[in-house]
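For reference, the structure is listed below as structure tokens.
Lettering follows sequence order; numbering is per chain, from 1. The structure displayed is predicted, hence computed values, not measured ones.
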Number of protein chains: 2
Amino acid sequence: MDPVICTVDVVLLTLTAEGLEVALLKREHAPFKGVAALPGGYIHARTDTDARDAARRVLLDKTGIAAPYLEQLATFSGAARDPRGWSVSIAYYALVPAATIAQAERHEVRLYSVDRLPPLPFDHGDIIETAVSRLRSKSQYSSLPCHLLGEVFTLPQLQRVYEVLMGESINKVSFRRKMTEMDMLDPVDGQFDSSGAHRPAQLYRLKPAFREQLQLLERGL
Amino acid sequence: MDPVICTVDVVLLTLTAEGLEVALLKREHAPFKGVAALPGGYIHARTDTDARDAARRVLLDKTGIAAPYLEQLATFSGAARDPRGWSVSIAYYALVPAATIAQAERHEVRLYSVDRLPPLPFDHGDIIETAVSRLRSKSQYSSLPCHLLGEVFTLPQLQRVYEVLMGESINKVSFRRKMTEMDMLDPVDGQFDSSGAHRPAQLYRLKPAFREQLQLLERGL
DNA sequence: CGAATAGTGTCTGTAAGACAGTATCTG
DNA sequence: CAGATACTGTCTTACAGACACTATTCG
């Protein structure tokens with residue numbers, strides 16, 4: 001049984017005015033000390049119950065964020081990816097509203113557009129690319145994008161999220177029909193977003209059943 | 001850096017007259033010696049280039065099969081899943097025609113219907129369940145099921161594979177329209193399956209571009 | 001009242017499924 | 001020729017997108 005380095009990495013994604021962004025931190029230790037990288041770290045077999053627990057711990061320690069939505073992405077492994085030796089990184093991805101990152105007030109956490117990434121250590125570029133493509137593909141037929149918004153949001157806001165993720169505009173009537181048939185939203189009675197100079201929009205929240213678990217559609221949007 | 005046991009497990013799936021089946025082998029060593037389990041083993045950091053390579057090696061060593069289609073499934077980990085200690089299993093799934101398993105002539109390899117599994121060690125039951133559900137879900141919108149048939153096959157054979165996997169009958173005209181628009185099959189000119197007492201069926205083969213890579217549909221079948 | 005966006009009713013084109021017909025083999 | 005299954009043409013139905021209309025706010 002040869003020694004293998006076991007780590008977790010977390011791709012923390014959020015949506016800002018700039019589009020889809022990923023949270024990176026400068027590495028505190030060699031190798032690649034000082035280079036922006038995914039939050040990650042060794043598995044602590046003494047204290048972590050499993051890799052998901054390790055990912056949650058690493059994310060909380062390094063970014064101050066307890067992400068409600070954290071899902072396994074894939075595992076990256078091999079002799080070549082880390083100069084320290086044969087390594088395994090079990091990668092997770094987390095989705096949070098941009099406000100959550102701001103509230104954490106960890107100024108060492110910096111956001112980068114997924115389309116303009118800096119040079120990255122290890123295979124972190126591949127990991128982020130995989131995460132973005134997974135998010136985009138799952139967005140086509142699931143409630144995933146809701147996790148990029150806050151607890152309550154309007155249908156036009158949600159539609160814009162889907163549009164940014166999928167890179168194309170969506171028919172408003174079709175979008176609302178889909179949302180109705182997915183039956184994943186609860187209107188917040190009597191609550192409206194009146195921030196614009198126009199008719200206020202009904203506020204909704206994700207139904208509890210969809211907070212952790214995804215809803216899958218038979219057909220896409 | 002706490003010690004972690006690093007292994008790979010392979011869910012080898014095939015389709016027989018009994019339906020979808022998984023290949024299991026009796027374990028040669030403790031723990032769970034003599035119990036039917038997934039083919040799996042330690043990662044050999046000295047010789048494996050990455051986990052996929054380890055999975056391919058394990059599958060070839062234990063079953064004699066060089067599976068053309070081998071894809072990462074998920075990683076199972078934690079303190080509780082293996083009595084030897086905190087462990088990681090990077091699970092892969094492979095799809096082969098039933099004939100490939102017969103040709104390998106490894107009589108220790110036994111097939112079990114995925115609906116009637118024997119008691120399984122570790123979390124192998126969860127791993128198989130995840131693999132089956134992944135296969136079923138991907139079958140809805142991809143060329144995956146082709147790998148359960150041999151190199152050449154007829155459209156009615158392929159339709160039956162999709163029907164068994166998805167557990168429902170498919171409209172023949174729609175199915176053939178989809179196959180045409182996916183454009184993943186090449187007719188084998190002048191070759192027909194004339195085994196029945198009826199009009200022979202055109203033989204097709206998967207286009208080379210789809211042998212390793214999946215075709216994804218916008219909409220399902 | 002005009003501008004702006006929220007939200008809805010309805011038409012239309014496209015794509016999926018039903019059905020029925022023709023084609024081609026065996027016994 | 002009867003039976004069986006392969007394959008195809010066409011009608012019908014369901015759903016996604018286009019369009020237009022109403023609703024409600026601010027300035």
Side-chain angles (χ1 to χ4, degrees), chain A residues 17 139-143 145-146 149-150 152-205 215-221, chain B residues 17 139-142 146 149-150 152-205 215-221:
Chain A
S139 294
Q140 287 175 357
Y141 55 92
S142 81
S143 54
C146 294
L149 290 171
V152 298
F153 48 83
T154 68
L155 284 180
Q157 281 167 357
L158 184 59
Q159 179 170 352
R160 276 187 288 272
V161 171
Y162 275 93
E163 287 174 340
V164 170
L165 291 177
M166 319 205 343
E168 58 187 19
S169 60
I170 300 169
N171 179 281
K172 184 170 55 164
V173 179
S174 302
F175 180 77
R176 296 170 97 97
R177 266 195 298 242
K178 277 289 176 194
M179 290 303 120
T180 304
E181 92 186 31
M182 278 175 85
D183 194 32
M184 65 183 196
L185 301 179
D186 275 330
V188 187
D189 279 350
Q191 296 269 66
F192 297 85
D193 173 359
S194 317
S195 58
H198 50 78
R199 175 172 173 178
Q202 173 69 55
L203 286 169
Y204 293 84
R205 72 174 79 240
Q215 161 77 341
L216 296 179
L217 253 62
E218 292 221 0
R219 307 188 195 291
L221 283 184
Chain B
S139 295
Q140 288 175 357
Y141 55 90
S142 81
C146 296
L149 290 171
V152 298
F153 48 82
T154 68
L155 284 180
Q157 280 168 359
L158 185 59
Q159 181 171 351
R160 276 186 287 271
V161 172
Y162 274 94
E163 286 174 341
V164 169
L165 291 177
M166 320 206 342
E168 58 188 18
S169 60
I170 300 170
N171 180 280
K172 184 170 53 165
V173 179
S174 302
F175 180 77
R176 296 171 97 98
R177 266 196 296 243
K178 276 289 177 194
M179 290 304 119
T180 304
E181 90 185 35
M182 277 176 87
D183 194 32
M184 65 183 196
L185 300 179
D186 274 330
V188 186
D189 279 350
Q191 296 269 67
F192 296 86
D193 173 0
S194 316
S195 59
H198 50 79
R199 175 172 172 179
Q202 173 70 54
L203 285 170
Y204 293 84
R205 73 173 79 240
Q215 161 76 341
L216 296 177
L217 252 63
E218 292 223 358
R219 307 188 194 290
L221 282 184

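One atom, CE of B:M182, and another, C1' of C:dA15, lie 16 Å apart when rounded to the nearest Å. Atom P of nucleotide D:dG17 and atom CD of A:E168 are separated by 9 Å, given to the nearest angstrom. Protein atom CZ of A:F153 is 16 Å distant from nucleotide atom C1' of C:dA6, rounded to whole Å. Note: CG (A:D193) to P (D:dT25) measures 13 Å, nearest angstrom. Here D:dA16 presents its C1' atom at 17 Å from OH of A:Y162, a figure rounded to the nearest Å. Rounded to whole Å, the distance from CD on A:Q191 to C1' on C:dA6 is 17 Å.
A donor N or O paired with an acceptor N or O is found under 3.5 Å between the base of C:dA18 and the side-chain atoms of B:N171.
Applying the side-chain hydrogen bond (donor to acceptor under 3.5 Å, both in side chains) rule to B:D186 yields no partners; only residues at least two apart in sequence or on another chain are considered. Listed by chain and residue number, A:F192, A:P200 satisfy the side chain to side chain contact (heavy atoms under 4.5 Å, CB included) test with A:S194 (two or more places apart in sequence, or in another chain). Here A:R205 pairs with A:E151 under the side-chain hydrogen bond (donor to acceptor under 3.5 Å, both in side chains) rule; sequence neighbours left out. Among residues two or more places apart in sequence or in another chain, the side-chain hydrogen bond (donor to acceptor under 3.5 Å, both in side chains) test is passed with A:Q202 by none. Here B:Q191 pairs with nothing under the side-chain hydrogen bond (donor to acceptor under 3.5 Å, both in side chains) rule; sequence neighbours left out.
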Query raised in the report: Can you give one letter per nucleotide of nucleotides 2-10 of chain D, 5' to 3': B if a protein heavy atom sits under 4.0 Å from the base, S if only from the sugar-phosphate, - if neither?
Result: -BBBBBBB-

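Distances shown here put every side-chain N or O of B:S194 at or beyond 4.0 Å from the OP1 or OP2 atom of C:dC25.
How far CZ of B:F175 is from CZ of B:R160: 10.5 Å, rounded to the nearest 0.5 Å.
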